[in-house]
Amino acid sequence: MYLLIVYDIEVKRVNRVHKFLKRYLHWVQNSVFEGELTDSQIEAVKLGLQRIIDDGDSVLIYTAREQRWLNKEVLGSERAETGNVL
């Protein structure tokens with residue numbers, strides 16, 4: 001499944017969310033990650049985020065069956081490619 005995660009987190013938790021999501025996905029914008037994950041990885045991401053976020057924080061998770069079903073258009077410069085995860 002291809003995921004696009006967008007978050008609006010209180011400043012004191014931003015680094016924790018960023019470090020956590022970098023383990024699974026590509027960082028493409030300040031508060032945006034995307035990439036291909038298995039169902040079990042998706043559940044691990046959701047569980048991990050729920051442990052980090054607090055009241056007032058917001059995380060949006062968009063899913064598509066595969067990246068090819070997601071039409072992405074970049075205006076300006078693209079900050080990071082989403083080709084390969086190490």
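All of these numbers come straight from a predicted model, not from anything done at the bench.
For R65, there are no salt bridge (Lys or Arg N to Asp or Glu O under 4.0 Å) partners, not counting sequence neighbours. For Y7, there are no ring-ring contact (aromatic ring centres under 6.0 Å, His included) partners at least two apart in sequence or on another chain. Qualifying side chain to side chain contact (heavy atoms under 4.5 Å, CB included) partners for N15, counting only residues two or more places apart in sequence or in other chains: none. In this view, D55 satisfies the side-chain hydrogen bond (donor to acceptor under 3.5 Å, both in side chains) rule with no residue, not counting sequence neighbours.
Distance check: D8 CG to S31 OG gives 7.0 Å after rounding to the nearest 0.5 Å. Distance check, rounded to the nearest 0.5 Å: CZ of F33 to NE2 of H26 gives 11.0 Å. Within the model, atoms CD of E34 and CG of L25 stand 8.5 Å from one another, a figure rounded to the nearest 0.5 Å. Between the CD1 atom of I52 and the CG atom of L47 there is a distance of 10.0 Å, given to the nearest 0.5 Å. Rounding to the nearest 0.5 Å places CD1 of I9 at 5.5 Å from CD1 of I53.
In this structure the side chain of L21 reaches within 4.5 angstrom of the side chain of I5, judged on heavy atoms. Residues L75 and E73 form a side-chain contact, since some pair of their non-hydrogen atoms from C-beta on lies under 4.5 Å apart.
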Less than 3.5 Å apart, which donor and acceptor atoms pair up between the side chains of residues 56-63 and the rest of the protein, not counting sequence neighbours?
unit_1: D57; atom_1: OD1; unit_2: E10; atom_2: N; d: 2.9
unit_1: D57; atom_1: OD1; unit_2: R13; atom_2: NH2; d: 3.1
unit_1: D57; atom_1: OD2; unit_2: R13; atom_2: NE; d: 2.7
unit_1: D57; atom_1: OD2; unit_2: R13; atom_2: NH2; d: 2.9
unit_1: D57; atom_1: OD2; unit_2: D54; atom_2: N; d: 2.8

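Looking at Q67, its side chain never comes within 3.5 Å of a backbone N or O of Y2 through a donor-acceptor pair.
The list of side chain to side chain donor-acceptor pair (under 3.5 Å) pairs with a residue in residues 38-52, not counting sequence neighbours, reads T38-S40, T38-Q41.
Residues F20 and G48 approach most closely at CZ-CA, 3.5 Å, considering heavy atoms.
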